[in-house]
Q: 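Have a look at the structure that comes next, please.
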Amino acid sequence: MRFALLGSGSKGNALVVEQGATRLLVDCGFSAREIEKRLARLALVPADIDALVITHEHDDHWKGVSRFSRAHDLPVWLTPGTHAATLGSELAATELYSPHEPFAIGDLELFPYPVPHDAREPAQLVIGNGAQRLGVLSDIGHVTPHVRAMVDACDALIIESNHDPDMLAGGPYPASLKARVAGRLGHLSNADAAALVADIDTRALQHVVVAHLSESNNRPELARAALAQALACTPDWVHVANQNEGLSWRSLVNR
Ligand SMILES: [Zn+2]
Ligand SMILES: [Zn+2]
């Protein structure tokens, strides 16, 4: 199994996960044309993708879904709430998933879980191939015991490290947006991400990626340092998925 991010942040998110001949796009938050350009950086074309799996309807996860799905005849997996929130969008095919029930697409197993975030029915996912599990956790205001249990003992982790609270407080956002981002249904801070990682079993981790970093209210070195301290590793072991470049392929191996 391997994965790569096409980009991550408030201007767009998309993750590619591959196992054997199965390739999923998790979220599609760039224009369809931009998704195609970014797939090309990974030596992929749209025909290589089998399905879209969408975590929630916010535009930075949704922007290209309708056009990309229809242009390439791809099914779109959604929770019923995300479906209800996006009823005006035409999709090539709609597949509903429950955020409480595992499902499979090709060679990949998906273990969704609900997260506290200000969308209709947001979910995040652990994605497995029977041997390894990649935990994906983003767009979540606070960590619940269920979230902690889902991402425990994964082989790789992509974790939101959205903001530094001091930079957010002193930054350019209006007060209402600051309150939303820092709130119980907003986004995880660097310290929130570090506290979660310190609380779970990370012994199997082959890769850890910080994602959804705010360009206004965070700096990559702050997110990295917080997680490195929690993991007792060097900061360069923590990958950063940024808005423009994302992150190139990372492979999971049997150990
Ligand atoms: Zn987002
Ligand atoms: Zn969101």
Side-chain angles (χ1 to χ4, degrees), residues 3-17 24-32 34-35 38 52-66 68 76-86 89 97 99 112-127 134-144 147 150-151 157-165 167-168 171 173-174 176-190 192-193 196 209-218 220 223 239-247:
F3 66 94
L5 289 99
L6 302 187
S8 181
S10 59
K11 296 193 183 99
N13 296 275
L15 159 72
V16 182
V17 183
L24 304 181
L25 199 55
V26 178
D27 288 333
C28 190
F30 299 95
S31 71
E34 187 65 26
I35 291 280
R38 290 175 183 236
L52 308 185
V53 181
I54 306 301
T55 61
H56 64 299
E57 69 274 20
H58 288 163
D59 204 47
D60 56 320
H61 302 260
W62 180 267
K63 186 174 186 177
V65 169
S66 172
F68 191 77
V76 181
W77 290 78
L78 312 163
T79 66
T82 303
H83 182 51
T86 57
S89 297
Y97 70 87
Y113 57 98
V115 290
H117 186 57
D118 52 5
R120 188 78 73 92
E121 192 181 16
Q124 293 290 316
L125 302 150
V126 173
I127 302 172
L134 164 65
V136 181
L137 177 57
S138 181
D139 294 72
I140 167 172
H142 65 278
V143 172
T144 65
V147 166
M150 288 301 296
V151 299
L157 196 54
I158 300 171
I159 184 167
E160 172 173 55
S161 200
N162 177 260
H163 58 276
D164 172 82
M167 285 184 73
L168 178 66
Y173 284 9
S176 58
L177 186 52
K178 286 179 184 177
R180 189 215 146 218
V181 168
R184 301 272 292 167
L185 300 178
H187 294 276
L188 291 187
S189 70
N190 296 340
D192 294 334
L196 169 58
V209 180
V210 286
H212 219 300
L213 271 68
S214 168
E215 291 181 306
S216 319
N217 307 313
N218 207 352
H239 305 303
V240 178
N242 64 18
Q243 187 69 80
N244 291 325
E245 280 88 43
L247 185 76

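In listed order, ligands and their atoms are each counted from 1. Every value quoted in this text rests on a predicted model; they were computed, and no experiment measured them.
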Q: Can you name the side-chain hydrogen bond (donor to acceptor under 3.5 Å, both in side chains) partners of N162, sequence neighbours left out?
A: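 So N162 forms no side-chain hydrogen bond (donor to acceptor under 3.5 Å, both in side chains) with any residue.
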Q: Could you pull out all residues at least two apart from R180 that satisfy salt bridge (Lys or Arg N to Asp or Glu O under 4.0 Å)?
A: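 In terms of salt bridge (Lys or Arg N to Asp or Glu O under 4.0 Å), with neighbours along the sequence ignored, R180 is linked to D118.
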Q: With sequence neighbours excluded, what pairs up with D59 under the salt bridge (Lys or Arg N to Asp or Glu O under 4.0 Å) test?
A: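 So D59 forms no salt bridge (Lys or Arg N to Asp or Glu O under 4.0 Å) with any residue.
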Q: Under the 3.5 angstrom rule, does the side chain of T82 hit a backbone N or O of E57 as a donor-acceptor pair?
A: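 Checking the backbone N and O of E57 against the side chain of T82, no donor-acceptor pair under 3.5 Å is found.
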Q: Could you give the distance from CG (N190) to CG (N218), rounded to the nearest 0.5 Å?
A: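 Rounded to the nearest 0.5 Å, the CG-CG separation comes to 4.0 Å.
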Q: Looking at G7, is its backbone amide N or carbonyl O close enough to the side chain of Q243 to form a donor-acceptor pair, meaning the two atoms are under 3.5 Å apart?
A: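 Judged by distance alone, no pair lies under 3.5 Å.
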Q: Just to be sure I understand the site: which N, O or S atoms from the protein are less than 2.8 Å away from the Zn ion (ligand 2)?
A: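 Correct list: H56 NE2, H58 ND1, H117 NE2, D139 OD2.
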